[in-house]
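The structure appears below as structure tokens.
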Amino acid sequence: MTQPDSITRRTLLGSGLGAAALLVPALPASAAPAEFEAWRDGFRSRALAKGISQATWTRVMARLEPDMTVFKEMRNQPEFKEQLWQYINRRVSDWRVINGKAALAKNEALFGRIEKDFGVERGTLLALWGVESAFGDPLVQQNHMRPVFPALAALAWNEPRRKAYWETELTNALRIVDRGWSTPDEMRGSWAGAMGHTQWMPEVWLNVGFDYDGDGKINPFGRPDDALGSTARYLVNRGKYHRGEHWGYEVRAPGNMSGSRTYATWQAAGVTRADGQPFPQPNASAQLWIPVAGGPAFLLGPNFYSVKSYNPAMSYALAICHLGDRILGGPPFLQPFPGSERALTLAEVQEMQKRLTAAGFDTGGTDGRVGNDTMKAIRDFQAKAGLTPADGYGGLKVLAKLRQGG
């Protein structure tokens, strides 16, 4: 079992951290010092003034110990320098395509309802769900999530750059308990407080989440209805999603071209879909993007940028949009990236994980998912075997070296 690869990265991007995380002072993972008690006394007044009940305060905070390990997590976020094709291959994996199809079959009625209510394509939501929580796999919750209140309390008390942000999110989390939507025990997430199927921060839970399954609560855990319905509403309200439009298309683009035009205008200028099919909405607008010279080119519509509102990285949005297409039966990109190699199959990833583990490089499981544990094992193996660059990417070269006995 490997950790879903986008959880901590997205929360870092969303909270404006990044390099500032490296400045957090080293603190032992032990009981809280007296300074925490003083901060908690002050925070109690501020929380109660914002409407948190005394009962909820006592229930959650009275005996809470801060999770001091969050500071180590912040300092030690794994750094893997991936080329775009590697980034795409790892996220648009055989495992996610196969399990995305299964998730769709299991939740066909839910995705149909969401498409009717919000106009958000099922492929986009399936891809977000797969990247953010491995389609709600309970093992992710069990093995890789932590109680969010001790984590948020530690950050609100002693993270030097964003104390106000973390204190606000801690207050939001208390408000969720106050409303009876969840319990402190259920609220497990990343070290930064993102929770559930589509990794909501408490602010998103409160302000965007809604009760899509009609059980009287708003909850990103358990049944995926609230999480997926609310994520669709997020894409519409915050991302300005356009009903009925596809995110864009891989295209063939002659010469140096740029700008935003209708698909019909692009086609008149010689830009055509890579698969030879017509553009279904010729009057919709799109922008041309060629992320890597010599690689695939894309016309990007507004819904690509709606996905980008969920995570501001262009690479993330492209991976989500492409994964959604692949789950729904679309092909890999027809124009390869320069220097790229095909993605490993599920069986090949599992073989690589088994061989790495047998060689003493623990991947944390052999399920065919490539998360941070597997990437670290690959990087350590590459360094030992003299493979350069030691970038943590598990592809055909790594697998071949492992088959040779390292």
Side-chain angles (χ1 to χ4, degrees), residues 84-85 87-89 91-92 97 100-101 104 111-128 130-131 231-338 340:
L84 181 56
W85 67 267
Y87 184 96
I88 297 294
N89 279 359
R91 287 154 184 84
V92 188
V97 172
K101 293 178 186 294
L104 175 58
F111 284 104
R113 180 185 172 206
I114 290 173
E115 285 181 331
K116 180 180 178 182
D117 290 347
F118 299 100
V120 176
E121 287 184 334
R122 60 188 60 192
T124 298
L125 288 176
L126 280 161
L128 282 168
V131 168
T231 298
R233 188 165 79 165
Y234 180 104
L235 294 172
V236 171
N237 291 351
R238 296 193 178 185
K240 310 304 179 187
Y241 194 96
H242 286 208
R243 177 185 286 270
E245 288 188 25
H246 197 49
W247 65 269
Y249 304 92
E250 184 188 354
V251 296
R252 307 291 190 193
N256 294 322
M257 310 178 77
S258 62
S260 178
R261 317 179 193 184
T262 66
Y263 285 108
T265 305
W266 283 117
Q267 186 154 4
V271 177
T272 59
R273 282 180 57 171
D275 61 7
Q277 297 299 309
F279 295 112
Q281 294 178 310
N283 294 323
S285 294
Q287 297 182 36
L288 182 66
W289 181 45
I290 305 175
V292 178
F298 305 94
L299 284 180
L300 306 177
N303 291 343
F304 178 90
Y305 295 96
S306 177
V307 173
K308 190 170 177 283
S309 74
Y310 207 77
N311 180 310
M314 291 288 284
S315 54
Y316 177 90
L318 183 61
I320 293 297
C321 292
H322 185 45
L323 175 58
D325 285 352
R326 293 292 310 280
I327 291 172
L328 298 182
F333 294 139
L334 300 179
Q335 172 67 30
F337 287 96
S340 65

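No hydrogens, no waters, no symmetry mates; every other heavy atom, side chains included, goes into these values.
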Would you call the rings of F298 and W289 parallel, tilted or perpendicular if under 30° counts as parallel and over 60° as perpendicular?
tilted

Parallel, tilted or perpendicular, judged at 30° and 60°: which one describes the rings of Y310 and Y234?
perpendicular

Are the side chains of [Y] and [X] in contact, using a 4.5 Å heavy-atom criterion?
X: M314; Y: L300; answer: yes
X: I114; Y: T231; answer: no
X: E245; Y: P302; answer: yes
X: Y249; Y: V271; answer: no
X: L128; Y: L235; answer: yes

Using distance only, find each side-chain donor-acceptor pair of residues 323-337 under 3.5 Å and give its atom names and separation, not counting sequence neighbours.
| from | atom 1 | to | atom 2 | distance (Å) |
| --- | --- | --- | --- | --- |
| D325 | OD1 | H246 | NE2 | 3.1 |
| D325 | OD1 | W247 | NE1 | 3.4 |
| D325 | OD2 | H246 | NE2 | 3.4 |
| D325 | OD2 | W247 | NE1 | 3.0 |
| R326 | NE | G330 | O | 3.2 |
| Q335 | OE1 | R252 | NH1 | 3.4 |
| Q335 | NE2 | G294 | O | 3.1 |

Contact summary for [X] and [Y], nearest pair of heavy atoms:
X: A269; Y: P254; answer: O-CG, 4.3 Å
X: I290; Y: G295; answer: CG2-O, 4.5 Å
X: S309; Y: G239; answer: OG-CA, 3.4 Å
X: S285; Y: Y263; answer: O-CE1, 4.3 Å
X: A297; Y: L288; answer: CB-CD1, 4.5 Å
X: L126; Y: G100; answer: CD2-O, 3.7 Å

Output the distance between atom NE2 (H242) and atom CZ (F304), rounded to the nearest 0.5 Å.
15.0 Å

Could you state the interatomic distance from OG1 (T262) to CD (Q281), rounded to the nearest 0.5 Å?
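Taking OG1 in T262 and CD in Q281, the distance rounds to 12.0 Å.
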
side-chain hydrogen bond (donor to acceptor under 3.5 Å, both in side chains) partners for W85, two or more places apart:
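In terms of side-chain hydrogen bond (donor to acceptor under 3.5 Å, both in side chains), with neighbours along the sequence ignored, W85 is linked to Q83.
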
Please name all residues satisfying side-chain hydrogen bond (donor to acceptor under 3.5 Å, both in side chains) with E115, sequence neighbours left out, ordered by chain then number.
R122

[Y] backbone acceptor or donor facing [X] side chain under 3.5 Å:
X: Y241; Y: E121; answer: yes
X: R243; Y: K116; answer: yes
X: W266; Y: L299; answer: no

